[in-house]
Amino acid sequence: GAFVGYHTVRLAKAAAPFDVYAFEGRPPSDLNDNIKRNNAVNVHVVQETVDENWKLSAQLEQDLLNEQDKGPLALIKIDCEGCELHFLKGAKTVCQVGWTTNDSTD
């Protein structure tokens with residue numbers, strides 16, 4: 001997960017003004033403190049544990065796919081200690097809609 005936010009804060013500064021979503025299953029007090037200390041106002045903390053039953057909530061999925069005010073989804077950084085495939089399966093719609101692939105052989 002996002003743990004204390006080292007990578008989250010760095011990515012938030014690089015991505016500004018676009019949003020960064022940080023997933024952390026444990027109580028995120030250290031994460032929130034680090035985000036506040038670094039003025040990373042574009043970070044949204046999602047306190048959820050990713051496991052084999054995990055799936056994005058409908059509201060969060062809609063937020064992630066709303067390109068009108070956020071721009072297209074550009075990056076997913078995952079560090080969930082062995083559950084990366086579960087995350088990708090749970091975020092399948094976001095991954096399918098967020099990116100298009102170029103299957104052209106030209």
Side-chain angles (χ1 to χ4, degrees):
F3 192 49
V4 298
Y6 175 78
H7 296 295
T8 301
V9 168
R10 293 178 60 98
L11 289 169
K13 289 180 184 244
F18 299 107
D19 293 333
V20 171
Y21 290 82
F23 292 80
E24 179 54 55
R26 65 181 184 82
S29 61
D30 293 335
L31 173 60
N32 287 332
D33 290 345
N34 202 10
I35 290 167
K36 187 175 181 178
R37 187 177 316 111
N38 287 280
N39 198 31
V41 296
N42 56 330
V43 174
H44 305 277
V45 176
V46 180
Q47 189 176 349
E48 293 183 7
T49 300
V50 177
D51 62 18
E52 65 274 0
N53 299 313
W54 181 83
K55 187 174 180 182
L56 279 176
S57 69
Q59 181 61 52
L60 183 54
E61 187 173 289
Q62 181 180 347
D63 288 349
L64 290 170
L65 293 175
N66 180 6
E67 293 183 20
Q68 188 173 26
D69 59 318
K70 294 182 175 83
L73 181 64
L75 172 75
I76 296 177
K77 183 256 183 215
I78 306 169
D79 177 12
C80 52
E81 301 170 19
C83 66
E84 290 81 3
L85 184 58
H86 298 304
F87 179 91
L88 291 172
K89 285 180 179 178
K92 183 177 181 179
T93 303
V94 170
C95 293
Q96 287 175 334
V97 174
W99 288 293
T100 57
T101 58
N102 183 353
D103 294 331
S104 164
T105 57
D106 295 339

Measure from the side-chain N and O atoms of Asn42 to the backbone N and O of Ala12, and report whether any donor-acceptor pair falls under 3.5 Å. yes
Answer yes or no: is there a donor N or O on one side and an acceptor on the other, between the side chain of Glu24 and the main chain of Gln47, under 3.5 Å? no
Would you check if the side chain of Gln59 reaches a backbone N or O of Ser57 as a donor-acceptor pair within less than 3.5 Å? no
Residue pair Leu31, Val4: steps toward the side-chain contact (heavy atoms from CB on, under 4.5 Å) verdict: CA-CA 4 Å; Leu31 173 60; Val4 298; 5.7 Å; no
Does a donor on one side chain and an acceptor on the other come within less than 3.5 Å for Asn38 and Asn34? yes
Set of residues satisfying salt bridge (Lys or Arg N to Asp or Glu O under 4.0 Å) with respect to Arg10, sequence neighbours excluded: none
Flag yes if Phe23 and Val43 sit in one hydrophobic cluster, no otherwise; membership is Ile, Leu, Val, Met, Phe, Trp, Tyr, and two members link when side-chain heavy atoms are under 4.5 Å apart. no
If you group Ile, Leu, Val, Met, Phe, Trp and Tyr by side-chain heavy-atom gaps below 4.5 Å, do Val9 and Phe3 land in one group? no
Which is it for Tyr21 and Leu60 under the side-chain contact (heavy atoms from CB on, under 4.5 Å) test, yes or no, and what are the steps along the way? CA-CA 10 Å; Tyr21 290 82; Leu60 183 54; 3.6 Å; yes
Is any side-chain heavy atom of Asp19 closer than 4.5 Å to a side-chain heavy atom of His44? yes
Please report the interatomic distance OG1(Thr8) to NZ(Lys13), rounded to the nearest 0.5 Å. 12.5 Å
Check the pair Leu88, Lys92 against side-chain contact (heavy atoms from CB on, under 4.5 Å), reporting the backbone distance first and the verdict last. CA-CA 6 Å; Leu88 291 172; Lys92 183 177 181 179; over 6 Å; no
